[in-house]
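Indexing begins at 1, ligand by ligand and atom by atom, following the structure's order. Residue numbers run from 1 in the order of the sequence given.
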Amino acid sequence: HDLELSESGFDDADSPDGTVEVRVPLMQGRVDVKLERVELGLAKARLVIREAIRNKDKRPPLTDRDYVPVGPVYRNAYAFHRSYLEMEKLFKVYVYEEGEPPVFHDGPCRSIYSSEGRFIFAMEMENRMRTRDPELAHVFFLPFSVVKMVKMIYEPNSHDMEPLRRTLSDYIDVLSTKYPYWNRSLGADHFMLSCHDWGPYVSSADGHLFSNSIRVLCNANTSEGFNPSKDVSLPEINLRTDIVDNQVGGPSASRRPILAFFAGGDHGPVRPLLLRHWKGKDADVQVSEYLPRGVSYINVMRRSKFCLCPSGYEVASPRVVEAIYLECVPVVIGDDYVLPFSDVLNWPAFSVRVAVADIPNLKTILAAVSPRQYIRMQRRVRTVRRHFMVNGPPRRFDVFHMILHSIWLRRLNVRLHGQD
Ligand SMILES: *[C@@H]1O[C@H](CO)[C@@H](O)[C@H](O)[C@H]1NC(C)=O
Ligand SMILES: *[C@@H]1O[C@H](CO)[C@@H](O)[C@H](O)[C@H]1NC(C)=O
């Protein structure tokens, strides 16, 4: 037992052993020297990070030309920084070249599913943390887009997802026949990424993909098999244009007269409860399905202290990142959702979580946050914003690199070694 990281991220407490050991069949009785070398690099990184977790209070912050993570928004700022620097030094992703656009190597770059396309494109353009030599790779990326599959392959209103599932299982068949890597680990060092609601269901087309691979999903619903120790919660970001900057920034607390705000469709399991309890009931808690004509959604968010982010058709809501962009403290309402980057970020420092059963107590819960506490939380929202920023090309510590870092942590939790 030599695991250094907790199941899903950094913890100040001693970490439980969450390493998954995968025995790799020997090829013609030979030890896979290149794999051993890859694993040795990871073992060294684990040691360095474990050291950082132990010594976080006794060390001066690491130097960094761009940004030094510090403070309560992180579960362990020092260990995160150490791990991030190790990732930059070592981590190599191999992107399978098979598959034709638009279903492969392509994806949506606007709309609520933009995280899917943005990541796929950024990965295609990536140099530093990418390798063209699969023998040097720590992880293998399956570059398909469920959003594009839905567009190209799904028969509208048919409710038949089988063609999508077949496309994916055929793809894995091709890769596992052509290369040794899938069979070697049964998918444990492979990852997929999807922001579409159906991502989890499509991923179940292959049992190993579902239960062994790193699945990076917006629909991070723990009641639908999302496993935080191996899967990654992907932020849902509704990009309307290429320029994110004009969606960013907001006034201080004193210029936010509304306590809490939500406007959005009445769908999914959570919102009907929210609307039933709060719609038109209280001037401080402004909850409705539609905004009056001429009223800007973004402006109301900027005038609100808390922005309510109830789950919709699925657990994730683009409102969480919208709120963070507009410096409104997010209130996440829903029970089965694993928040993005919760391996690194200490969400309770800059957001409020409300269980569905507590919807009737919403106002009491939010009113209990003192003005001083609110000012602190809002300042922290501004701090974490960089981790949700979409940049083209990506910049250090932004959303693309945070996603990669989450994948890196999951890969560190897996050890591959040859069978004796
Ligand atoms: C991987 O396993 C599958 C199923 O057992 C097999 O059909 C395929 O040929 C194997 N791939 C390689 C490269 O040996
Ligand atoms: C999460 O998954 C469970 C099981 O499928 C489902 O009942 C629940 O509604 C989902 N949660 C949301 C918010 O979609």
Quick test of your reading of the model: are R184 and D189 salt-bridged, counting only N-O distances below 4.0 Å? yes

Of F144, Y154, W198, which meets side chain to side chain contact (heavy atoms under 4.5 Å, CB included) against M149? F144

Hey, is ligand 2 close enough to S223 that some N/O pair sits below 3.5 Å? no

In this structure, atom 5 (O) of ligand 2 is nearest to the protein heavy atom E224 OE2, 2.8 Å

NZ/NE/NH1/NH2 to OD/OE distance under 4.0 Å, R385 and E327: yes

Measure centre to centre between the rings of F141 and F119, then say whether the value is under 6.0 Å. yes

Out of V315, I333, V270, who gets a non-hydrogen atom closest to atom 12 (C) of ligand 2? V315

Quick test: of every protein heavy atom, which one is nearest to atom 9 (O) of ligand 2, and how far off is it to 0.1 Å? P269 CG, 3.4 Å

Hey, does S311 come in under 3.5 Å of ligand 2, counting only N/O atoms on both sides? no

What part of W182 sits under 4.0 Å from ligand 1 if we count only heavy atoms: the side chain, the backbone, both or neither? neither

Quick one: which of F91, F80, F191, Y84 gives a ring pair (Phe, Tyr, Trp, His ring centres under 6.0 Å) with W408? F91

Looking at atom 2 (O) of ligand 2, what's its closest protein heavy atom, distance included? N221 ND2, 2.3 Å

Relative to atom 1 (C) of ligand 1, which among N183, I172, T177 owns the nearest non-hydrogen atom? N183

Considering only heavy atoms, does Y337 approach ligand 2 within less than 4.0 Å through its side chain, its backbone, both, or neither? neither

